[in-house]
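Accompanying notes for the structure given below.
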Amino acid sequence: MTSQETEATTLLRFPTDFVWGAATSAYQIEGAVTADGRGTSIWDVFVTKPGRVIGGDDATVAVDHYNRYREDVKIMAELGLTAYRFSVAWPRVQPTGSGPVNQRGLDFYRRLVDELLAHGIEPWVTLYHWDLPQELEERGGWPARETAYCFADYAQAVHGALGDRVRNWSTVNEPWCAAFLGYASGEHAPGRREPANAVRAAHHLNLAHGLAVQAMRAQGHDSRIAGTVNLYAVSPQTGSEADLDAARRIDGLQNRFFLDALLKGAYPQDVLDDLGAVTALDFIAEGDLRTISSPIDLLMVNYYSRFTVSGRPGGRASAAAAPVETGSPWVGSEHVSFVNGGRPVTAMGWEIDEPGLVEILTRVAREYPSIPMVISENGAAFDDELTADDAVHDAERTAYFEAHLRACHEAIAAGVPLQGYFAWTLMDNFEWAWGYGKKFGLVYVDRATMRRVPKDSARWYAETIRRGGLRVAAE
Ligand code: IFM
């Protein structure tokens with residue numbers, strides 16, 4: 001028992017080999033967008049278009065992680081993280097998305113990985129977190145099948161270079177967002193509002209995942225390879241037929257379209273019917289689903305919230321306000337309304353619903369082949385302030401993490417093979433169309449000086465990792 005533990009508290013212990021991590025993505029933190037031969041990504045172009053990002057923010061500097069990665073790894077080590085999930089920027093490695101590798105770009109990740117390993121932190125690499133090389137967008141982007149094959153080549157280049165020292169690999173982060181926010185609602189780069197093309201993009205992102213899994217496996221190494229999906233608990237507002245249908249549609253497009261493809265080798269028929277009403281699905285070629293469902297070792301799950309939905313038209317078109325004017329990402333189900341479930345919300349307007357995490361984890365464990373999982377993102381934005389004592393007292397974020405880690409513990413106790421948890425995110429960063437206004441970090445970043453200040457939630461997380469579990473009131 002430590003000095004802070006009393007007889008009135010008990011420890012909810014996690015398995016000894018549980019992975020305690022934090023996650024980031026390249027475009028949101030690196031900056032240095034022209035350094036060492038990096039090419040242009042769709043986000044570099046998107047942020048220059050008026051009205052696409054709040055306040056006209058861009059990620060030219062972001063939080064300067066490209067130059068400050070050593071300092072950032074030191075912070076991770078001080079927090080006691082056992083793993084760090086980051087993404088590789090495709091345009092650093094292949095500036096135009098295909099062709100020869102840019103060694104200087106690849107070397108940055110080699111240095112980062114070595115620094116992590118030197119501090120005893122396991123690197124977890126994600127290959128694609130939305131920064132498609134602009135030249136590939138000009139050749140059709142994700143709606144073009146060719147992009148999936150380019151991705152497999154890129155995956156092979158990175159895995160070939162780092163596979164000797166990185167064991168955990170993920171292909172595409174949140175394909176739902178890349179497809180439906182990028183090509184249907186237009187909230188994300190490349191900002192197209194082309195619902196039929198968004199469906200093509202979704203399929204090609206899945207195909208890219210499968211081709212990359214095969215390409216990396218062919219190279220040997222003892223890699224553990226995963227796909228990363230963002231899953232939501234989905235509830236109908238009432239038991240009416242219309243609301244039940246709305247929940248089926250949103251669960252289908254958000255969750256099952258990706259889970260079934262990756263883990264069962266088939267798209268759900270009801271979702272194909274919904275989408276087939278919008279566009280011919282003739283781009284799904286014979287054998288694609290076999291490729292997409294190439295065996296993976298792990299499923300990486302990003303979880304943030306629950307959707308409560310209604311089939312009655314005229315309500316809100318998405319769960320929370322969009323930062324700028326956008327179309328609907330819900331291709332074929334645009335009539336569905338998102339209603340207030342009555343729970344407290346984060347600064348994003350996202351409802352805080354940790355029971356939804358237990359629901360998602362137990363559901364995946366029940367409905368899909370016994371696939372080990374990690375939570376690869378979970379976290380919350382709040383309106384943090386640096387106070388006069390040079391600290392950020394973010395009690396709401398600590399409460400959010402604590403509640404969701406309790407949910408993880410509950411899921412493990414129920415038999416879910418959950419192997420780790422990555423807090424989103426290590427430090428405040430570029431939150432896409434929201435710019436820098438939404439802060440999800442464990443670490444505050446002063447934008448004028450780039451000084452890093454660990455928030456109270458970071459200290460709490462460090463203590464939780466040190467203890468190997470959560471201190472809770474004894475029953
Ligand atoms: O910041 C994003 C991240 O890039 C992907 N998942 C959700 C996070 C919060 O919006």
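Counting starts at 1 for both ligands and their atoms, following the listed order.
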Compute whether any side-chain donor of one residue and acceptor of the other, for Tyr232 and Asp251, lie under 3.5 angstrom apart. no
Does Phe382 have Lys439 sitting over its ring (NZ/CZ under 6.0 Å from centre, angle to axis within 45°)? no
Any atom of ligand 1 sitting under 4.0 Å from a heavy atom of His129? yes
Glu410 atom CD, over 12 foreign heavy atoms within 6.0 Å: no
among protein heavy atoms, the one nearest atom 6 (N) of ligand 1 is Glu377 OE1, 2.5 Å
Quick one: is the NZ or CZ of Arg193 closer than 6.0 Å to the six-membered ring centre of Tyr183, and within 45° of its axis? no
For atom 8 (C) of ligand 1, the closest protein heavy atom turns out to be Tyr304 OH, 3.5 Å
May I ask whether Trp434 has any heavy atom positioned less than 4.0 angstrom from an atom of ligand 1? no
Is the contact between Trp350 and ligand 1 made by the side chain, the backbone, both, or neither, using heavy atoms and a 4.0 Å cut-off? side chain
Is there a nitrogen or oxygen of Trp432 sitting under 3.5 Å from a nitrogen or oxygen of ligand 1? yes
Main chain of Ser41, side chain of Asp44: is a donor-acceptor contact present, judged purely on distance under 3.5 Å? yes
Per-residue contact class, Met348 against ligand 1 - non-hydrogen pairs under 4.0 Å: neither
Atoms of ligand 1 close to Glu174 [distance to a heavy atom under 4.0 angstrom, numbered from 1]: 5 (C), 6 (N), 7 (C)
I'd like to check which ligand 1 atoms, numbered from 1 as shown, lie under 4.0 Å from a non-hydrogen atom of Phe440. 9 (C), 10 (O)
Distance-only side-chain donor-acceptor flag, Tyr421 / Asn378, under 3.5 Å: yes
Ser223 and Asp297 have their tightest heavy-atom pair at O-OD2, 3.6 Å
Considering only protein heavy atoms, which is closest to atom 10 (O) of ligand 1, and at what distance to one decimal place? Glu431 OE2, 2.5 Å
